[in-house]
Trainee: 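The structure is given below, and queries will be raised subsequently.
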Amino acid sequence: MRQSRLFAPTLKESPADAEIASHRLLVRGGFLRRVASGIYDFLPLGVRVLRKIEGIIREEMNREGAQEVVLPILQPRELWEESGRWSRYGDEMMRLKDRAGRDFGLGPTHEEMITALVRDNISSYRDLPLNLYQIGAKFRDEVRPRFGLLRAREFIMKDAYSFDRDEEGMRESYRAMYRAYSRIFDRCGVRWMAVEADTGLIGGDVSHEFMVLAGVGEDRVAYCEGCGYAANINLAEFRREPLSGPERPLEKVSTPGQKTVEEVSGFLGVEPRHLIKCLMYLVEGKPVAVLVPGDREAGEVKLERVLGTSEFRLFHQGDWDNFPQYVQGFVGPVGLDGVDVLADLSLRGARGMVCGSNEEDHHLVGVEVGRDFQPNRFLDLALARDGDPCPRCEGVLRVAAGIEVGQIFQLGLKYSLSMGCTYTDEKGEERPVHMGCYGIGVTRLMAAIVEQHHDERGIRWPLEVAPAHVHLVPLNYEKEERRKAAEDLYRQLLEEGLEVLLDDREESAGVKFADSDLFGIPYRLVLGRVYEESGKVELQVRSTGERAVISPEEAAGQVRQALGRIGA
RNA sequence: CGGGGUGUAGCGCAGCUUGGUUAGCGCGCAUGCUUUGGGAGCAUGAGGUCGGCGGUUCGAAUCCGCCCACCCCGACCA
């Protein structure tokens with residue numbers, strides 16, 4: 001690759017709309033340009049990185065026996081009606097009509113397409129198991145696209161779907177994908193973590209998310225360094241320790257105008273955790289009380305799981321008006337009749353607590369759970385926090401921000417039942433196929449790699465996903481002998497099988513180095529003064545800043561060696 | 001959807017409060033000369049529907065209205 005002909009316009013300054021490092025540096029380095037909100041052009045260098053990542057994914061998917069297919073982006077409404085998601089998917093699906101007025105959606109995911117393909121073309125247990133995957137564009141009309149490639153409206157995704165005869169087969173397919181994903185993220189050079197996850201709109205029972213730890217991540221994960229327990233914060237468990245405030249007799253006290261946890265705890269001189277926060281939810285039109293300690297948040301994903309419906313919300317102002325028996329700011333579980341009361345596990349047996357009295361301007365103190373009121377159920381409802389005890393061992397949970405780069409699901413029979421994807425077993429009986437699905441956000445992964453590998457000057461690509469292995473940077477390129485030496489070395493390196501970018505521009509050293517830093521190619525060979533004096537080149541390692549003056553042959557050898565270590 | 005902000009040359013910005021000649025600066029670009037180990041210097045030059053539409057006015061980048069786009073926070077989504 002000759003830089004003089006390479007379309008990689010670099011920028012000295014960050015574009016005004018780029019906030020985070022990956023977005024800024026990918027644009028400045030000439031990898032990426034914005035077209036519209038959440039929609040991007042990939043320039044040649046960006047495409048090279050994408051193809052590297054895709055190559056790794058293909059190898060590892062194929063290694064586990066998955067087969068590549070290409071499914072349409074443009075998808076007819078009828079198939080989405082079969083799964084029931086044409087209406088349920090909502091505004092996040094981009095929709096359009098053809099000239100005859102027929103409805104189509106731009107695929108936000110491909111369960112419908114793949115299930116239809118497989119059900120129409122398999123019939124026997126002999127056809128299973130089957131694992132099909134594709135790498136291609138997905139469209140999601142995000143409420144708020146942001147952070148460059150991390151939350152885009154059009155993005156590239158690898159999605160795979162497994163089809164098995166039974167549950168055990170499905171679990172084995174799931175394990176295979178877990179292994180493949182582990183190798184993929186290792187090879188992409190990111191520090192990652194697999195966490196237990198919610199299944200959301202996709203559905204199913206068991207799921208893991210693959211998180212790349214990074215400050216800009218929109219997800220939070222809780223993990224234990226002791227036993228390896230790790231889960232999305234939305235459903236992370238934690239061990240409850242006995243919770244009791246100062247012992248005192250049950251008593252109603254005046255708390256005029258004190259409504260929030262902060263107000264009440266300050267007014268009464270009680271720690272927030274010794275308050276019982278009583279949250280009123282409207283669940284499918286009916287009120288439900290949710291109790292958590294005053295210093296904790298209720299997790300809505302946890303709530304969704306125990307309620308078995310996503311049709312619930314915290315009381316709005318209008319709900320308080322419709323249910324005047326609940327006194328806003330003073331609701332409490334004692335004497336709260338005719339409503340389901342769900343309490344977080346931490347409240348079991350708690351004494352000396354403070355809660356609302358269901359009477360304006362009054363709270364109860366000295367409340368004992370079980371004596372003064374009995375919740376319908378004790379459940380895991382509160383969100384874990386950094387420092388909470390691990391649910392599985394004596395360790396402590398840490399909470400960190402992460403970027404979700406992949407998620408795998410055991411779908412079970414969800415789509416095969418609704419779409420009639422069945423096979424005939426050995427006994428001639430018709431059975432539904434057990435499915436799994438497995439996604440990797442390829443473009444998001446590219447951004448996540450940059451988030452973990454950059455400095456203030458530019459990107460530092462891990463060798464295996466870098467746009468090239470070596471950046472050959474001759475200075476004083478206008479000098480005939482320098483040009484000739486560079487061309488010779490360029491040819492040598494290519495013959496070694498290396499991917500080389502030659503900076504054959506007559507630019508100043510400063511310009512060349514600045515662009516080189518932005519590109520982030522792992523190895524830089526500088527042909528300059530040192531070469532003139534000794535015939536040697538300077539090898540610079542982008543990730544560590546190491547420099548060594550060595551002969552051109554040695555330099556090529558070192559890069560080859562590094563490539564050998566990663567098996568490339 | 002709510003709140004905040006921005007829109008002026010390829011990029012980054014000033015000018016707008018208080019309307020008034022050819023709308024500025026830096027970078028980039030072109031040409032020439034001099035430079036060449038960390039984004040060189042000098043000279044010359046090209047490049048603008050000032051986001052759009054409408055209004056006020058003798059006169060609008062500037063004031064008013066509507067619309068559009070983009071960014072941030074939140075809600076939503078997962």
Side-chain angles (χ1 to χ4, degrees), chain A residues 7 9-20 23-24 27-30 33-40 85 88-93 108-109 138 140-148 150-151 153 155 157 195 197-204 207-209 211 216-221 232-235 299-302 304-305 310 312-314 316 402-407 409 437 439 441 444 456-458 473-479 482-483 503 505-519 524-533 537-538 540 545 547 549:
Chain A
F7 181 51
T10 56
L11 300 175
K12 268 190 184 176
E13 291 175 281
S14 293
D17 61 1
E19 189 83 354
I20 63 168
H23 189 193
R24 258 188 352 250
V27 173
R28 284 190 57 205
R33 285 293 185 271
R34 192 186 67 81
V35 174
S37 179
I39 302 175
Y40 294 89
R85 291 206 294 184
R88 279 216 319 280
Y89 213 94
D91 291 336
E92 207 163 301
M93 178 149 62
T109 174
K138 293 278 185 289
R140 293 189 188 170
D141 195 359
E142 293 283 348
V143 190
R144 188 177 160 208
R146 63 184 129 175
F147 301 145
L150 287 185
R151 186 168 289 275
R153 293 194 291 174
F155 56 98
M157 185 173 181
V195 307
D198 185 44
T199 53
L201 251 193
I202 306 284
S207 179
H208 283 86
E209 287 166 335
M211 297 286 193
V216 297
E218 296 185 84
D219 286 274
R220 294 287 174 277
V221 299
N232 190 301
I233 193 73
N234 289 335
L235 42 73
E300 302 221 327
V301 170
K302 290 183 171 185
E304 180 173 339
R305 295 193 143 202
S310 58
F312 66 90
R313 58 152 202 260
L314 210 49
H316 289 174
I403 300 166
E404 181 202 326
V405 290
Q407 187 167 11
F409 301 81
C437 77
R444 180 184 278 186
E456 57 296 337
R457 295 174 178 281
V473 182
L475 304 176
N476 305 100
Y477 199 72
E478 68 291 340
K479 290 188 189 167
R482 182 64 46 80
R483 184 188 302 249
D503 191 350
R505 302 173 303 165
E506 295 183 14
E507 288 287 353
S508 72
V511 169
K512 291 190 166 198
F513 288 147
D515 281 344
S516 183
D517 289 335
L518 279 170
F519 290 164
R524 180 191 300 165
L525 289 179
V526 180
L527 233 66
R529 228 175 254 147
V530 180
Y531 182 80
E532 198 146 324
E533 289 159 6
V537 299
E538 186 173 326
Q540 301 180 2
R547 295 171 180 218
V549 174

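Every chain is numbered from 1, with letters handed out A, B, ... down the list of sequences. Just the heavy atoms: all of them, side chains too, but no hydrogens, waters or symmetry mates, feed the values below. This structure is a prediction, so every number in the text was calculated from the model and none was measured.
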Trainee: For B/C71 and A/Ser37 - does any side-chain N or O of the residue sit under 4.0 Å from the phosphate oxygens OP1/OP2?
Mentor: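 Yes.
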
Trainee: Name the nucleic acid region contacted by A/Leu314, choosing base, sugar-phosphate or nothing; use a 4.0 angstrom heavy-atom cut-off, strictly under.
Mentor: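 If one applies the 4.0 Å heavy-atom cut-off, A/Leu314 turns out to touch nothing in the nucleic acid.
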
Trainee: Just compare B/C73, B/C76, B/U36 and give me whichever is closest to any side-chain atom of A/Arg144.
Mentor: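 Among B/C73, B/C76, B/U36, the one nearest the side chain of A/Arg144 is B/C73.
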
Trainee: How far, in whole Å, is B/A60 from B/G20 if one measures between their P atoms?
Mentor: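 The answer is 11 Å between these two P atoms.
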
Trainee: Round to a whole Å and report the spacing from CZ of A/Arg28 to C1' of B/C27.
Mentor: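 Going from A/Arg28 (CZ) to B/C27 (C1'), I get 12 Å.
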
Trainee: Calculate the interatomic distance between A/Asn232 atom CG and B/C77 atom C1'; express it in whole Å.
Mentor: 14 Å

Trainee: Which whole number of Å gives the distance between the P atom of B/U31 and that of B/G15?
Mentor: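 So the two P atoms sit 35 Å from each other.
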
Trainee: One thing to verify: whether A/Glu456 and A/Arg24 come together as a salt bridge, which I'm taking to mean a side-chain N less than 4.0 angstrom from a carboxylate O.
Mentor: no

Trainee: Is there side-chain contact between A/Val526 and A/Phe513, with heavy atoms separated by less than 4.5 Å?
Mentor: yes

Trainee: Would you kindly compare A/Gly38 and A/Leu527 by the position of their nearest RNA chain B nucleotide and give the one closer to the 5′ end?
Mentor: A/Leu527

Trainee: Just jot down the salt bridge (charged side-chain N to carboxylate O under 4.0 Å, His left out) partners of A/Asp219, sequence neighbours excluded, or say none.
Mentor: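 Scan of A/Asp219 (salt bridge (charged side-chain N to carboxylate O under 4.0 Å, His left out), adjacent residues dropped) gives none.
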
Trainee: Look for any protein N or O under 3.5 Å of an N or O in nucleotides 8-15 of chain B and output each such pair with its distance, or none.
Mentor:
unit_1, atom_1, unit_2, atom_2, d
B/G12, OP1, A/Ala16, N, 2.9
B/G12, O2', A/Glu13, OE2, 3.1

Trainee: Rounding to the closest angstrom, what is the interatomic distance between B/G5 and B/C64 at atom P?
Mentor: 14 Å

Trainee: Could you tell me how far apart A/Tyr531 (OH) and B/U36 (C1') are, to the nearest whole angstrom?
Mentor: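 Those two atoms, OH and C1', are 19 Å apart.
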
Trainee: Among all residues two or more places apart in sequence or in another chain, which pass the salt bridge (charged side-chain N to carboxylate O under 4.0 Å, His left out) test with A/Arg457?
Mentor: A/Asp517

Trainee: Sort me out a list of protein N/O and nucleotides 3-6 of chain B N/O pairs below 3.5 Å, or just none if empty.
Mentor:
none

Trainee: Please report, rounded to the nearest Å, how far the P atom of B/A30 is from the CD atom of A/Glu506.
Mentor: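 Roughly 13 Å, once rounded to whole Å.
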
Trainee: Contact class for A/Arg34 (heavy atom, under 4.0 Å): base, sugar-phosphate, or nothing?
Mentor: sugar-phosphate

Trainee: I'd like to know if A/Asp515 reaches the base of B/G39 with its side chain such that a donor and an acceptor end up less than 3.5 angstrom apart.
Mentor: yes

Trainee: Rounding to an integer number of Å, can you tell me how far A/Glu218 CD sits from B/C72 P?
Mentor: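 Between P of B/C72 and CD of A/Glu218: 10 Å.
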
Trainee: If you measure from the P atom in B/U22 to the same atom in B/C67, how many Å do you get, rounded?
Mentor: 34 Å

Trainee: Can you check the A/Glu507 CD to B/G39 C1' distance for me, whole Å?
Mentor: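 These atoms are roughly 9 Å apart.
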
Trainee: Please report the distance separating the C1' of B/C50 from the corresponding atom of B/C16, rounded so that it comes out in whole Å.
Mentor: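 It comes out at 11 Å once rounded to the nearest Å.
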
Trainee: Report the distance from atom CG of A/Leu525 to atom P of B/G37, rounded to the nearest whole Å.
Mentor: 19 Å

Trainee: Between A/Ala509 and A/Gln407, which residue's closest nucleotide on RNA chain B lies nearer the 5′ terminus?
Mentor: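 Nearest nucleotide further toward 5': that of A/Ala509.
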
Trainee: Not counting sequence neighbours, which residues clear salt bridge (charged side-chain N to carboxylate O under 4.0 Å, His left out) with A/Glu300? List them please.
Mentor: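 Salt bridge (charged side-chain N to carboxylate O under 4.0 Å, His left out) check on A/Glu300 returns nothing, list empty.
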
Trainee: Using the 3.5 Å cut-off, write out each protein N or O paired with an N or O of nucleotides 40-46 of chain B and the distance between them.
Mentor:
unit_1, atom_1, unit_2, atom_2, d
B/A40, OP2, A/Ser508, OG, 3.4

Trainee: Using a 4.5 Å cut-off on heavy atoms from C-beta on, say whether the side chain of A/Arg146 contacts that of A/Ile20.
Mentor: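 When only atoms from C-beta onward are counted, A/Arg146 and A/Ile20 do not touch, as no gap falls below 4.5 Å.
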
Trainee: Measure from CZ on A/Phe513 to P on B/G39 and round the result to the nearest Å.
Mentor: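 Roughly 10 Å, once rounded to whole Å.
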
Trainee: Could you work out the separation of B/A46 and B/A30 based on their P atoms and round it to a whole Å?
Mentor: 16 Å

Trainee: Closer than 4.0 Å, any side-chain N/O of A/Arg146 to the OP1 or OP2 of B/C73?
Mentor: yes

